[in-house]
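Reviewing the structure listed below.
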Amino acid sequence: MSTPTGRLAPSPSGRMHPGNVFAFLMAWLSARSKNGAVILRIEDLDTVRCTEEFAELIRSDLKWLGLEWDIEAEPQRYRGAVYQEKLDRLADMGLVFPCWCTRGSLNAARAPHASDGHWIYPGTCRGLTAAQRAEKRTPPSYRLRVPDMTVSFVDGVYGERSENLARECGDFVLKKADGTFAYQLAVVVDDIEGGVTEVVRGCDLLGSAPRQIYLTKLLGGTPPEYMHVPMLLGPGGRKLSKRDLDLDLGELRKVICPERMIGELAFRGGLIDRSEPVSAKELAAEFRPEKLSKNDVELGRDFCGCLLD
Ligand code: GLU
């Protein structure tokens with residue numbers, strides 16, 4: 001049996017908000033409650049929005065929260081050669097094709113959307129001939145050809161899930177036309193390389209799991225266990241954003257202690273019965289993921305106020 005290994009995979013496009021903190025707390029608790037290892041991996045493929053300054057602030061915030069990691073993996077922006085090698089391997093298997101579709105052309109083709117909002121690719125460039133490809137004058141993206149196959153798995157919170165790759169997902173992008181690698185490829189390559197046995201993250205990524213399981217197997221890896229945790233929403237049910245400055249950790253850290261924040265988030269997520277200050281380490285000793293809410297958790301306007309009580 002391999003050592004249980006989880007990961008914290010922040011995208012440093014801003015300071016963390018309570019929703020990020022909640023997801024990282026759950027990932028950390030899940031690994032530590034099994035005496036497992038924790039990897040920190042900075043997911044900065046988007047080199048325009050992600051910066052080393054934010055990465056450093058996130059490291060500092062995670063330490064402040066008591067979410068220590070054992071190893072830091074190489075940030076994704078430096079791993080292009082590794083991702084390219086895996087892409088070439090998939091291409092050698094005949095599974096990759098260049099695609100010139102843009103958002104605009106998919107929109108015009110009325111391509112349907114999957115449950116998580118991405119396009120279900122209608123196959124436009126799948127069967128282009130070499131001559132048709134040679135006529136193109138712009139750089140393509142590269143997509144993975146998916147089979148008519150159903151991927152099933154059991155999520156630690158949401159239970160049995162399955163998705164037909166061809167009908168509900170479609171051929172998906174591995175490398176974008178601007179030369180950057182897609183999240184789906186990078187995350188799978190890094191999870192395999194890191195020996196990650198469990199992926200715990202926000203349920204906005206639940207729909208990505210079937211693609212990642214399929215890709216992991218193609219690349220010779222063993223898919224990890226998945227546990228998606230409810231999203232924390234802002235007042236009125238809006239999605240929290242790293243631009244919600246009032247809820248960013250830089251502001252919150254000035255006025256509260258980490259135990260207060262952790263206790264409140266664990267309570268809101270259903271993990272503990274009363275909101276009281278508690279450290280991440282203390283929570284790990286009694287982590288019961290079956291208590292987690294399956295519904296998104298709305299923080300409401302009182303959230304900051306109640307932290308200050
Ligand atoms: N980097 C992603 C995020 O910050 C998480 C990806 C993952 O956990 O697979 O939302």
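In each ligand, atom 1 is the first atom listed, and ligand 1 is the first ligand listed. Quantities reported herein were computed from a predicted structural model and do not represent experimental measurements.
Here the side chains of V189 and R79 are in contact, with some heavy-atom distance below 4.5 Å.
Comment: R49 does not engage D44 in a salt bridge, judged by the lack of any side-chain N to carboxylate O separation of less than 4.0 angstrom.
Using cut-offs of 30° and 60° on the angle between ring planes, the pair Y121 and F97 is tilted.
When all heavy atoms are compared, the tightest approach of F287 to S33 is CD2-OG, 3.6 Å. Among all heavy-atom pairs drawn from D70 and A37, the shortest one is OD2-CA, 3.3 Å. In plain terms, the two heavy atoms of R253 and S60 that are nearest each other are NH1-OG, 2.9 Å.
Only the side chain of L205 comes within 4.0 Å of ligand 1, judged by heavy-atom distances.
Close approach of ligand 1 to Y183 (heavy-atom distance below 4.0 Å) involves ligand atoms 6 (C), 7 (C), 9 (O). The ligand atoms of ligand 1 that sit less than 4.0 angstrom from a heavy atom of R201 are 7 (C), 8 (O), 9 (O). Each of the atoms 9 (O) of ligand 1 lies under 4.0 Å from some heavy atom of V187.
Scanning the protein heavy atoms around atom 1 (N) of ligand 1, the nearest turns out to be E43 OE1, 2.6 Å. Protein heavy atom at the shortest distance from atom 5 (C) of ligand 1 is A9 O, 3.5 Å. Regarding atom 8 (O) of ligand 1, its nearest protein heavy-atom neighbour is R7 NH1, 2.8 Å. For atom 3 (C) of ligand 1, the closest non-hydrogen atom of the protein is S11 OG, 3.7 Å.
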